[in-house]
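Let me begin by presenting the structure, written as structure tokens, before commenting on it.
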Amino acid sequence: MRDQRFARGQRRERGVDPVAAAWFAALSASFPRGEAMFIDAVRQHRDGVPEKLAEEIRDFIKQEVNHSREHLAFNRAVEEAGYDLTHIDARVKNLVAMTQSLRPIAQLGITCALEHFTAIFAHEFLTNRDELTPAGIGDIDLWLWHSVEEIDHKAVAFDTFLHATRDWSAFKRWRFRCLLMLIVSIRFTRNRSTDAIELMRQDGIGTWAARWKLFAYLVYSPGLLRRVARNWLRYFRPGFHPWDHDDRYLIAGWEMEQAGRASAGAHDPQRAPAAA
């Protein structure tokens, strides 16, 4: 049920909400290369992990591969709508190359930080879908599906990091991951905002107007960054673990919704499926 396909044969409409459209397109443009980087970072540290974690790593890799496939399809739909992602993709490629030039443990620490970002975003998408996923960003079902899987595997990179640093002191591990989170937070926010502003300019919005509109969107209304601030701060607590905030009930709710839609579709031959 989880291995779904989206945005096949769909044309993405421009202009419904250009700010939301730009932000989500910027996120999606970063995912295929970013998720390949996550896979490599975790793979480099999987030797010798406990069998339960080894199984979770295998599932993590499968899910990330599927996410890359679907966001490549979504990105093609974005380009078919007339947006140029060339410069954004080149920027992401360079950032990934820069990260992969670092020590393997630093790559894993960066992956932990970015996985925390995706998990707290996922929580908000699933909790406040009507406010955070308005019309005009593409296939909402894609984002909800991706969110479910991000919550599902949100501790895998972190548990791999704990195993890889098992000989470190608790203070050294805490200092290392917190420093990386600060760096990642600044760069992630800056880079995705730069990408979104570029896409808004392609919609004819001037640079300063684009900056202001994006700031208002992210901080004021609907305020995605404001909403995730508390969960973001949790990462800096000594002894933090992703499952301290257990939101698997959101996965269960989504799965019940999917089962209900499948049942309704089975009884209504005129009902279109959610995903091809």
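We use all heavy atoms of the structure for the numbers below, so side chains are in, but hydrogens, waters and symmetry mates are not. Everything quoted here is computed from the prediction, not taken from an experiment.
Classified by interplanar angle (parallel below 30°, tilted 30° to 60°, perpendicular above 60°), the ring pair H153/F60 is perpendicular. Note: F161 and W168 have perpendicular aromatic rings, judged against thresholds of 30 and 60 degrees for the angle between ring planes. Ring geometry for F121 against W23 counts as perpendicular: the plane angle is over 60°, on a 0 to 90° scale with 30° as the lower cut. Under the 30°/60° scheme for interplanar angles, the aromatic rings of H146 and H67 are found to be tilted.
Using modelled atom types, one finds a donor on one side chain and an acceptor on the other under 3.5 Å when comparing Y83 with D203. Counting only N and O atoms by type, the side chains of D159 and H241 include a donor and acceptor under 3.5 Å apart. Under the 3.5 Å distance criterion, with hydrogens and angles disregarded, a donor-acceptor pair is assigned to the side chains of D152 and Q63.
Hydrophobic clustering, with ILVMFWY side chains joined whenever heavy atoms are under 4.5 angstrom apart, groups L102 together with M181. In the hydrophobic clustering of ILVMFWY residues, with side-chain heavy atoms under 4.5 Å counting as a link, V92 and V65 come out together. Hydrophobic clustering, with ILVMFWY side chains joined whenever heavy atoms are under 4.5 angstrom apart, groups L182 together with L108. At a threshold of 4.5 Å between side-chain heavy atoms, the hydrophobic network of Ile, Leu, Val, Met, Phe, Trp and Tyr places I105 and V96 in one connected group. The hydrophobic clustering, which links ILVMFWY residues whose side-chain heavy atoms are closer than 4.5 Å, places L162 and V42 together.
Taken from CZ in F24 to CG in L199, the straight-line distance is 13.5 Å, to the nearest 0.5 Å. Between atom CH2 of residue W232 and atom CZ of residue F117 there is a gap of 7.0 Å, rounded to the nearest 0.5 Å. Interatomic distance, CD of E35 versus CD1 of I61, reported as 12.5 Å (0.5 Å rounding). Going from atom CG of L144 over to atom CG of L126 covers 5.5 Å, rounded to the nearest 0.5 Å. Note that CD1 of I251 is 10.5 Å distant from CD of E150, once rounded to the nearest 0.5 Å. Rounded to the nearest 0.5 angstrom, Q44 CD and T111 OG1 are separated by 9.0 Å.
Of all heavy-atom pairs between V19 and M200, the closest is CG2-CE, 3.7 Å. Here the closest non-hydrogen pair linking N75 and S28 is OD1-OG, 2.6 Å. When all heavy atoms of I110 and T99 are compared, the pair lying nearest together is CD1-CG2, 3.8 Å. The heavy-atom pair separating A196 from L214 by the smallest distance is CB-CD2, 4.0 Å. Shown here for A122 and I151, the closest heavy-atom pair between the two residues is CB-CG1, 4.0 Å. Contact record, R46 with I57: CB-CD1, 3.7 Å, taken as the closest heavy-atom pair.
In this structure D40 satisfies the salt bridge (Lys or Arg N to Asp or Glu O under 4.0 Å) test with no other residue, sequence neighbours excluded. For the salt bridge (Lys or Arg N to Asp or Glu O under 4.0 Å) test, residues two or more places apart in sequence or in another chain that qualify with D244 are R237. Remark: H45 pairs with no residue by the ring pair (Phe, Tyr, Trp, His ring centres under 6.0 Å) rule, at least two apart or across chains.
The side-chain heavy atoms of D195 and H87, taken from C-beta on, include no pair separated by under 4.5 Å. At least one side-chain heavy atom of H245 sits under 4.5 Å from a side-chain heavy atom of R234. At a threshold of 4.5 Å between non-hydrogen side-chain atoms, the residues S147 and R129 do not count as touching. For the pair T118/E115, a side-chain contact is recorded, criterion being any heavy-atom separation below 4.5 Å from C-beta on.
For E56 (side chain) and V156 (main-chain N/O), no donor-acceptor pair under 3.5 Å exists by modelled atom type. Counting only distance, with no hydrogens or angles, the side chain of R226 and the backbone of V219 share a donor-acceptor pair below 3.5 Å. No donor-acceptor pair under 3.5 Å is formed between the side chain of K154 and the backbone N or O of A119. With hydrogens and angles ignored, the 3.5 Å screen pairs no side-chain donor or acceptor of T189 with any backbone N or O of I186. Side-chain atoms of R173 come within 3.5 Å of backbone atoms of T165 as a donor-acceptor pair (strictly under, hydrogens ignored). In this structure, the side chain of R227 engages the main chain of P222 through a donor-acceptor pair within 3.5 Å.
E70 and R76 are not joined by a salt bridge, as no carboxylate oxygen comes within less than 4.0 angstrom of a charged side-chain nitrogen. Ionic pairing of E51 and R58 is present here: one or more N-O contacts between side-chain nitrogen and carboxylate oxygen are shorter than 4.0 angstrom. Between R69 and D3, at least one side-chain N (NZ, or NE/NH1/NH2) sits under 4.0 Å from a carboxylate O, which counts as a salt bridge.
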>> I'd like to know whether L142 forms a side-chain contact (heavy atoms from CB on, under 4.5 Å) with Q4, so could you lay out the CA-CA distance, the side-chain angles of the two residues, the decisive distance to 0.1 Å, and finally the verdict.
In response: CA-CA 9 Å; L142 164 64; Q4 298 187 21; over 6 Å; no

>> Let's go through C112 and Y235 carefully: what are the C-alpha distance in whole Å and the side-chain angles of both, what is the deciding distance for side-chain contact (heavy atoms from CB on, under 4.5 Å) to 0.1 Å, and is it a yes or a no?
In response: CA-CA 10 Å; C112 291; Y235 195 87; 3.4 Å; yes

>> Using side-chain contact (heavy atoms from CB on, under 4.5 Å), reason through F74 and F31 one step at a time and then give a plain yes or no.
In response: CA-CA 11 Å; F74 180 81; F31 284 152; over 6 Å; no

> Is there a side-chain hydrogen bond (donor to acceptor under 3.5 Å, both in side chains) between R91 and N94 once you walk through the steps?
Replying inline: CA-CA 5 Å; R91 188 156 48 240; N94 288 337; over 6 Å; no

> Could you walk me through whether H123 and L250 pass the side-chain contact (heavy atoms from CB on, under 4.5 Å) check?
Replying inline: CA-CA 8 Å; H123 178 93; L250 293 172; 3.4 Å; yes

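Annotation: cation-pi pair R248/W243 present, NZ/CZ under 6.0 Å from the ring centroid and within 45° of its normal.
For F240 and H116, the ring centers are positioned less than 6.0 Å apart.
Taking a 6.0 Å sphere around CZ of R187, one finds it holds 12 or fewer heavy atoms contributed by other residues, nucleotides or ligands. Surrounding CZ of F236 are more than 12 heavy atoms belonging to other residues, nucleotides or ligands, all under 6.0 Å away. Heavy-atom contacts from other residues, nucleotides or ligands closer than 6.0 Å to CZ of R166 number more than 12. Within 6.0 Å of the OH atom in Y220, the count of heavy atoms belonging to other residues, nucleotides or ligands does not exceed 12.
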